[in-house]
Protein chains: 2
Amino acid sequence: MSQGASTVTVDLTAVIVAVTAADPRVLVVRRPDVAADWFPSGPLREEHRTLQAGLRSWVEHQTRLRLGHVEQLYTFGDRDRTLVEDRRPDARALSLAYLALTREAGLVGGKGDGGKGGGGNAEEAGAMEAIWRSWYDYLPWEDRRDQDAAERSVLATRLGAWARGESDRHARKDRLSRVALAFGLEGQPWDEERCLERYELLYEARVIPEAWADAHLPVPEAVRELGGRPMAADHRRILATAAGRLRAKIKYRPVLFELMPESFTLLHLQRTAEALAGAGLHKQNFRRLVEQNQLVEETGEVFSETGGRPAKLMRFRPEIRQERPSSGVRLKARPGA
Amino acid sequence: MSQGASTVTVDLTAVIVAVTAADPRVLVVRRPDVAADWFPSGPLREEHRTLQAGLRSWVEHQTRLRLGHVEQLYTFGDRDRTLVEDRRPDARALSLAYLALTREAGLVGGKGDGGKGGGGNAEEAGAMEAIWRSWYDYLPWEDRRDQDAAERSVLATRLGAWARGESDRHARKDRLSRVALAFGLEGQPWDEERCLERYELLYEARVIPEAWADAHLPVPEAVRELGGRPMAADHRRILATAAGRLRAKIKYRPVLFELMPESFTLLHLQRTAEALAGAGLHKQNFRRLVEQNQLVEETGEVFSETGGRPAKLMRFRPEIRQERPSSGVRLKARPGA
DNA sequence: CCCGTTATGCACAATGTGAGTATAAATAGA
DNA sequence: TCTATTTATACTCACATTGTGCATAACGGG
């Protein structure tokens with residue numbers, strides 16, 4: 001029964017999200033000699049008592065960040081997935097991805113160019129650096145807050161060409177409808193949660209550098225310019241999964257808590273929700289929703305640097321934290337933005 | 001970096017769900033010499049090109065069932081999880097669970113006592129048998145369609161006692177609120193999706209035989225009677241995960257399709273939804289929902305064995321199959337049942 | 001032909017949602 | 001100081017969705 005049992009390496013990968021200055025940021029690791037960024041990650045080891053413990057340990061070593069709540073995202077494990085460097089090509093690599101939420105850590109980085117996070121053990125330290133970076137750097141097509149139809153239409157054109165380029169009639173129809181559904185074309189509504197479908201389509205259409213690399217082909221210049229910033233291995237796929245999951249989750253669970261500071265204005269809260277959703281929201285309705293669901297309460301103080309009338313400072317009601325029935329933020333994109 | 005790398009065995013486990021006669025059934029394997037049932041499963045092998053391929057292969061060998069759409073459920077991998085027989089206790093066991101939907105297969109079993117599904121390879125065949133069994137046999141507390149407050153109140157009493165039995169005041173409060181939230185007590189609404197939370201609580205309170213077995217303790221008789229039918233290893237935890245996931249999913253994706261026959265009456269569809277949700281639904285609302293979302297169309301035929309006025313036979317509209325924006329069935333439990 | 005039973009259609013109230021308008025309270029600059 | 005500008009906050013209104021009940025239709029069986 002266990003004769004042909006596979007030898008497996010298990011990688012633990014963390015997508016750590018914070019929202020700063022109206023941008024959803026992820027904590028990535030980079031080294032000057034390696035082109036692509038990657039998420040904090042490392043192999044599962046003997047001494048790790050649980051998977052989460054292993055993950056936390058790797059994250060702490062690589063970024064000096066201590067994780068709070070962590071949630072399993074997905075397990076990637078197909079043979080043909082992108083091979084990580086210095087690994088036997090025939091060994092199976094299982095990659096367990098986790099999602100963690102946090103406030104942007106003081107330790108690591110500030111507004112975007114980031115500070116250093118020391119590497120853990122000497123052997124892998126090198127000049128490794130952990131920085132926060134907007135997830136839209138990697139998935140620019142997911143940001144629909146401003147209507148820069150420019151890049152979107154280029155992407156759409158490209159995908160349309162790819163779909164129509166299929167010779168088999170049936171497959172062509174299938175491609176066209178998948179593209180329309182995923183990217184909200186031809187009257188279809190844009191569904192912000194379909195991040196992974198969009199990524200997979202772009203990968204399939206080879207608009208993404210990783211798709212060329214995986215096929216052992218040189219990356220065309222046009223692709224390098226269009227497809228957003230690449231990541232190592234399949235980490236960008238993992239990011240797309242994380243974004244989709246998180247966008248779904250804010251609608252039915254109070255996850256914004258873990259991303260906001262102690263006190264905030266309602267507009268600040270809205271900008272955070274919009275940053276994650278990648279879409280503009282209707283202000284009055286957002287406020288009504290938050291208030292009638294009693295997610296927040298006034299602190300009594302006000303924030304005066306609004307540029308106009310000062311805003312009341314709010315805090316989350318502590319009762320909400322312990323997972324009430326359904327205290328998420330149901331949001332619907334405003335057509336105008 | 002990979003010195004302390006763990007040796008890992010990876011198990012693939014399939015929760016295969018069908019709905020027959022108003023009961024959600026899962027396909028389980030049993031052997032006369034083993035007390036507990038388990039899900040079709042087996043170790044990941046060299047020759048499996050993808051994880052799903054490995055899973056399909058095990059399922060086919062053990063049950064002769066060919067799976068359609070399969071979705072990843074969760075990866076279980078903590079050191080202290082229930083140990084599967086004949087495995088070194090120090091080796092790490094990773095368990096990848098998948099969820100599959102199907103119509104109850106003709107090959108295997110009929111109404112509940114089931115037929116035989118031959119084992120694959122001789123070495124593990126034994127007198128292995130695959131049968132369909134209601135998932136409420138394993139998770140009886142999840143069925144709230146009829147108000148048999150009897151067993152529910154026993155469980156609630158038991159959990160209440162466990163919560164109040166905690167000596168530390170803070171922890172006691174925490175337990176009480178978790179129990180109330182998960183089981184819909186003290187004015188809290190019953191949330192049918194919280195299957196896993198309920199299972200975990202029952203496990204923690206040792207109302208579940210597996211909890212005793214994992215702690216290497218003999219199972220008290222009272223527990224054996226109350227806690228539903230046990231399963232091998234942590235398969236019942238996996239089932240709770242599957243049930244929760246599926247209950248959530250019917251609300252936003254058209255998954256009922258994969259469970260219904262070609263044509264059906266609206267009441268039949270409703271009974272299927274109710275079976276999964278474990279709650280009664282309001283008839284008129286259900287019909288309106290299904291109709292105004294244009295999920296179904298009339299076949300033109302009628303079904304006369306209703307006992308009253310014949311019902312129109314319906315079929316799913318084929319357009320729905322290819323994942324429309326949101327064509328699930330939003331259902332809300334009717335207070336009365 | 002009446003009755004029980006189930007299907008189906010329709011009405012109505014309560015609530016939720018999308019979107020607009022009006023007013024309040026600050027700042028910057030003339 | 002007065003005014004324009006900016007942002008916060010309050011209120012309104014139409015319309016869709018949802019919870020619920022009642023009326024009517026179409027069968028089988030006495």
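First the proteins, then the strands, lettered A, B, ... as listed; each starts at 1. Bear in mind that the values here come from a model prediction, so they are computed numbers and not experimental data.
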Using whole Å, report how far [atom1] of [X] lies from [atom2] of [N].
{"X": "Leu266(A)", "N": "dA8(D)", "atom1": "CG", "atom2": "P", "answer": "9 Å"}
{"X": "Phe264(B)", "N": "dA7(C)", "atom1": "CZ", "atom2": "P", "answer": "14 Å"}
{"X": "Gln292(A)", "N": "dT9(D)", "atom1": "CD", "atom2": "P", "answer": "17 Å"}
{"X": "Leu313(A)", "N": "dA8(D)", "atom1": "CG", "atom2": "C1'", "answer": "13 Å"}
{"X": "Leu281(A)", "N": "dA19(C)", "atom1": "CG", "atom2": "P", "answer": "12 Å"}
{"X": "Leu289(A)", "N": "dG18(C)", "atom1": "CG", "atom2": "P", "answer": "9 Å"}
{"X": "Asn285(A)", "N": "dA10(D)", "atom1": "CG", "atom2": "C1'", "answer": "14 Å"}
{"X": "Phe286(A)", "N": "dT7(D)", "atom1": "CZ", "atom2": "P", "answer": "17 Å"}

Exercise for the section: State the CZ-CG distance between Arg103(B) and Leu259(B), to the nearest 0.5 angstrom. Expected result: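 Nearest 0.5 Å value for the CZ-CG distance: 7.5 Å.
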Problem - Interatomic distance, Arg194(A) atom CZ to Gln188(A) atom CD [nearest 0.5 angstrom] - result: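 Those atoms lie 8.5 Å apart.
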Problem - Candidates dA8(D), dA7(C), dA26(C) - which lies nearest the side chain of Lys283(B) - result: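 Minimum distance to the Lys283(B) side chain belongs to dA7(C).
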Problem - Which nucleotide in dT9(D), dT20(D), dA25(C) has an atom nearest any side-chain atom of His282(B) - result: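 The nucleotide sitting nearest to the side chain is dT20(D).
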Exercise for the section: May I ask you to decide if Arg317(A)'s main-chain N or O and Glu297(A)'s side chain share a donor-acceptor pair within less than 3.5 Å? Expected result: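 Looks like no, no N/O pair under 3.5 Å.
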Practice task
State whether Lys312(A) places a side-chain N or O below 4.0 Å from either non-bridging phosphate oxygen (OP1 or OP2) of dT7(D).
Solution key: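 No.
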Exercise for the section: Measure from the ring center of Phe316(A) to the ring center of Phe264(A) and say whether it is less than 6.0 Å. Expected result: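 Ring centres of Phe264(A) and Phe316(A) closer than 6.0 Å.
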Handout entry: N/O donor-acceptor pair, side chain Arg288(A) with base dG18(C), under 3.5 angstrom
Key =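 It does, because a donor-acceptor pair links the side chain of Arg288(A) to the base of dG18(C) below 3.5 Å.
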Practice task
Look at the side chain of Gln284(A) against the base of dT21(C) and say whether a donor-acceptor pair falls under 3.5 Å; ignore hydrogens and angles.
Solution key: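 Yes.
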Problem - Heavy-atom neighbours of Glu291(B) CD exceed 12 at 6.0 Å - result: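 More than 12 heavy atoms, drawn from other residues, nucleotides or ligands, come within 6.0 Å of this atom.
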Problem - Earlier contact from the 5' end, DNA chain D, for Arg309(A) and Glu291(A) - result: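 That would be Arg309(A).
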